[in-house]
Novice: 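Mind having a look at this structure? Questions to follow.
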Amino acid sequence: MKKKKQLFETIIHGVFLILGLITVGSVLLITIYLIISGIPAIREIGIIDFLFGTQWKSTAAEPSFGILPFILTSVYGTAGAVVIGVPVGFLTAVYLAKIAPPKIKTLVTGAVGLLAGIPSVVYGLVGMLVLVPGVRVLFNLPDGANLFSAIIVLAIMILPSIINVSVTALEAVPKEYEDASLALGATPVETYFKVSVPAAKSGIAAAVVLGVGRAIGEAMAVIMVSGNVANMPSLFQSVRFLTTAVASEMSYSAGLQQQALFSIALVLFLFIMLINATLNFFLKRSKED
Amino acid sequence: MEKQTISIMEKQTISGKRKFYIGTLRFLMYLSAAITCGLVLFIVIYVLIKGIPNISWELLSTQPSYMDKSIGILPDILNTLYIIIAALLIVIPIGAGAAVYLTEYAKNKKIVSIIEYTAETLSGIPSIIFGLVGMLFFCEFMNMKTSLIAGALTLVIMNLPTIMRTTQESLKTVPQSYREGAFGLGAGKWRTIRTVVLPGCIDGIITGCILSIGRILGESAALLFTAGSAHVLNGFFQALGDPGSTLTVALYFYAKERGEFGVAFAIAAILMILTLLINLLAAFVGAVFKKRRKI
């Protein structure tokens with residue numbers, strides 16, 4: 001009787017262990033699949049030609065598969081989004097965490113939550129019909145679907161991540177630090193920026209890195225506003241990102257072309273892993289602070 | 001009161017340079033917060049104004065027909081619903097089970113940290129990569145073809161970390177003494193979990209479900225190559241095996257491939273209203289649970 005019960009408990013334990021390991025299995029599955037399906041094309045094309053080739057002509061009679069335009073576009077696009085999005089997000093976060101009255105704080109936090117919840121295709125749609133024509137008229141261009149439009153959309157899309165994580169970090173700063181600064185004669189605003197912000201710097205860094213991850217991984221909104229031509233990146237030129245390169249050709253690709261798309265995904269995955277590692281580093285340090 | 005005295009102090013004793021610094025920062029903070037709120041307001045109002053006039057009963061209740069060149073989004077609405085139901089039915093047991101394992105069973109710290117690390121990794125992977133691997137694994141390797149169930153399974157992996165995290169958080173609020181009480185009464189581990197621990201984590205599971213529904217509703221890149229883009233009217237079980245587009249994927253195709261911006265905005269308005277409702281629901285449920293925990 002007792003043995004039977006013990007066996008039963010062991011089985012239940014095993015079931016829960018398996019459920020717990022599904023996450024690990026999923027990450028392994030994704031990693032292994034991307035590596036296995038991404039390597040053949042890189043081997044056939046040659047890693048130097050693949051990573052540093054500036055020509056992407058996947059459907060030409062003599063195809064060439066250089067993804068440097070995509071890599072650079074993703075890097076520039078993300079950098080641009082960070083340059084615009086981080087100051088706005090950071091200052092909003094300081095306002096929310098330190099200055100805003102409770103009622104306004106609830107309202108603005110709700111608005112930020114909504115910004116995070118809006119589907120990326122809706123950003124894409126609004127971008128297509130408001131931003132793209134706006135950019136075309138404003139800068140007097142033949143077409144407004146370019147890197148600049150994509151940067152603006154990405155900057156808006158990464159705002160919620162930056163704001164939420166920064167607010168959490170700023171709110172965790174011990175009140176004693178701020179009290180000490182106020183007692184020494186600093187004004188509240190000086191205290192927030194010279195005491196609270198430095199004390200929360202790891203958390204704010206994590207917020208920025210999280211924003212970088214969001215921006216580099218976004219596909220659908222960007223595909224709708226960036227023009228989607230495989231040019232070397234330039235602010236007012238139609239461009240293609242790592243994500244949109246995969247998304248735009250996957251449905252009709254075959255053979256080496258499809259394998260090359262998997263290789264692009266592998267490159268994107270490596271970027272993401274690097275960003276995740278950085279994020280973990282900052283999160284860990286912010287917990288230790 | 002305290003703030004008032006400080007602001008009076010600011011005026012009286014502070015040098016011009018400091019005043020400028022404080023004033024500038026203050027202005028920039030208000031400006032940034034205003035920009036953020038303005039953006040949200042603009043997007044919401046713009047989408048609703050452009051979209052709502054295009055929503056008609058005919059659009060909501062029919063399927064697209066090439067014969068009369070009409071567009072209906074009923075299949076897309078149903079597909080979205082089916083994919084949410086299917087994904088949640090699968091992800092809840094797995095996610096909640098994993099959370100129970102982490103908080104109740106796991107003694108090996110290494111396993112815990114590996115599972116938690118992979119969950120974090122999973123939540124950082126972009127959806128286009130989920131879509132790609134979902135296509136390779138579910139559609140091709142498992143031979144499910146492009147189908148709603150392949151899409152739902154892809155979404156299961158995407159949403160696992162969310163359900164795990166919210167369940168884990170609520171499990172931590174179940175007092176240790178409850179467990180000890182149950183053990184003291186002679187209940188086994190499983191019985192304790194079933195009768196004492198699991199009822200306590202319903203809060204977390206519900207919160208996780210709301211968050212996941214929001215995420216599934218807005219997902220498009222992961223579904224493009226796994227669930228496809230067909231607009232056929234089907235029953236639940238029939239639909240799972242067939243390709244079908246959700247509202248977001250339909251929006252993408254109508255806007256990008258066919259230039260049907262009226263329909264696209266109608267879908268966008270529907271998505272926007274649902275997103276609003278889900279956010280309100282999440283806030284409401286969060287407040288209720290918080291109150292209940294205090295009592």
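Residue numbers start from 1 in every chain, and the chains themselves are labelled A, B, ... in the order their sequence lines are given, proteins ahead of strands. Because only heavy atoms are used, hydrogens play no part in the values below, and waters and symmetry mates are left out as well, while side chains stay in.
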Novice: Which atoms of B/Ile129 come close to chain A, meaning under 4.5 Å heavy atom to heavy atom: side chain ones, backbone ones, both, or neither?
Specialist: side chain

Novice: If I measure from the heavy atoms of chain A, does B/Pro161 come under 4.5 Å with its side chain, its backbone, both, or neither?
Specialist: neither

Novice: So, do A/Leu125 and B/Phe265 sit near enough that their side-chain heavy atoms are less than 4.5 Å apart?
Specialist: yes

Novice: Taking side chain as everything from C-beta outward and backbone as N, CA, C, O, which of these in B/Leu132 sits under 4.5 Å from a heavy atom of chain A? Side chain, backbone, both or neither.
Specialist: side chain

Novice: What verdict does the side chain to side chain contact (heavy atoms under 4.5 Å, CB included) test give for B/Met272 and A/Ile118, after you've listed the backbone C-alpha separation in whole Å, the side-chain angles of each residue and the deciding distance to 0.1 Å?
Specialist: CA-CA 7 Å; B/Met272 189 63 88; A/Ile118 296 174; 4.0 Å; yes

Novice: Using a cut-off of under 4.5 Å on heavy-atom pairs, state which of B/Leu280, B/Leu211, B/Leu251, B/Leu102 scores highest against chain A.
Specialist: B/Leu251

Novice: To the nearest 0.5 Å, what is the distance between CE (A/Met250) and CG (B/Leu224)?
Specialist: 10.5 Å

Novice: B/Thr146 versus chain A, heavy atoms under 4.5 Å apart: side chain, backbone, both or neither?
Specialist: neither

Novice: Looking only at heavy atoms, which two atoms of B/Thr275 and A/Pro119 are closest? And how far apart?
Specialist: OG1-CD, 3.9 Å

Novice: Go through A/Met224 and B/Tyr252 one step at a time and tell me if the side chain to side chain contact (heavy atoms under 4.5 Å, CB included) criterion holds.
Specialist: CA-CA 8 Å; A/Met224 294 169 89; B/Tyr252 173 72; 4.0 Å; yes

Novice: If the plane angle is over 60° it's perpendicular, under 30° parallel, otherwise tilted; pick one for B/Trp190 and A/Phe16.
Specialist: tilted

Novice: For the residue pair A/Thr187 and B/Arg18, establish whether any side-chain heavy-atom pair is separated by less than 4.5 Å.
Specialist: yes

Novice: When heavy-atom pairs shorter than 4.5 Å are enumerated against chain A, which of B/Gly131, B/Pro126, B/Ala268 gives the highest number?
Specialist: B/Pro126

Novice: With respect to chain B, which residue among A/Val15, A/Leu34, A/Val88 yields the maximal number of heavy-atom pairs within a distance under 4.5 Å?
Specialist: A/Val88

Novice: Where does B/Val112 contact chain A at under 4.5 Å (heavy atoms): side chain, backbone, both or neither?
Specialist: neither

Novice: Provide the closest heavy-atom pair for B/Met29 versus A/Ile99 in the form atom of the first, atom of the second, distance.
Specialist: CE-CD1, 3.2 Å

Novice: Against chain A, label B/Ala283 side chain, backbone, both or neither, depending on which of its atoms sit under 4.5 Å from a heavy atom there.
Specialist: neither

Novice: For residues B/Thr118 and A/Thr23, is any side-chain donor paired with an opposing acceptor at under 3.5 Å?
Specialist: no

Novice: Are any non-hydrogen side-chain atoms of A/Met273 and B/Thr121 less than 4.5 angstrom apart?
Specialist: yes

Novice: Answer with side chain, backbone, both or neither: which region of A/Leu129 has an atom nearer than 4.5 Å to a non-hydrogen atom of chain B?
Specialist: both

Novice: What is the minimum heavy-atom distance between B/Ile128 and A/Gly217, and which atoms define it?
Specialist: CG2-O, 4.3 Å

Novice: Pick one of side chain, backbone, both or neither for B/Phe42, based on which atoms fall under 4.5 Å of a heavy atom in chain A.
Specialist: side chain

Novice: Taking the six-membered ring of A/Phe8 as reference, does the NZ or CZ atom of B/Lys189 fall below 6.0 Å from its centre and within a 45° cone about the axis?
Specialist: no

Novice: So does B/Gly124 get a backbone contact from the side chain of A/Asn276, meaning a donor-acceptor N/O pair under 3.5 Å?
Specialist: no

Novice: Any chance you could measure A/Leu91, atom CG, to B/Leu28, atom CG, to the nearest 0.5 Å?
Specialist: 6.0 Å

Novice: I'd like to know which of B/Ile157, B/Leu160, B/Thr36 tops the heavy-atom pair count under 4.5 Å against chain A.
Specialist: B/Thr36

Novice: Is B/Leu276 in contact with chain A via its backbone, its side chain, both, or neither, using a 4.5 Å heavy-atom distance?
Specialist: both

Novice: Is B/Phe284 atom CZ crowded by more than 12 heavy atoms from other residues, nucleotides or ligands, each under 6.0 Å away?
Specialist: no

Novice: Measure B/Ile125 against the heavy atoms of chain A and call it side chain, backbone, both or neither at under 4.5 Å.
Specialist: both

Novice: With heavy-atom distances below 4.5 Å as the criterion, would you say the side chains of A/Ile30 and B/Phe130 are in contact?
Specialist: yes

Novice: Is it the side chain or the backbone of B/Phe225 that comes within 4.5 Å of chain A heavy atoms, both, or neither?
Specialist: side chain

Novice: Taking every non-hydrogen pair under 4.5 Å, which of B/Leu41, B/Val47, B/Val100 racks up the most with chain A?
Specialist: B/Val100

Novice: With a 4.5 angstrom heavy-atom cut-off, which part of B/Ile35 approaches chain A: side chain, backbone, both or neither?
Specialist: side chain

Novice: How many angstroms lie between CD1 in B/Ile94 and OG in A/Ser26, if you round to the nearest 0.5 Å?
Specialist: 8.0 Å

Novice: In terms of heavy-atom pairs under 4.5 Å with chain A, which of B/Ser127, B/Gly214, B/Ser220, B/Ala264 leads?
Specialist: B/Ser220

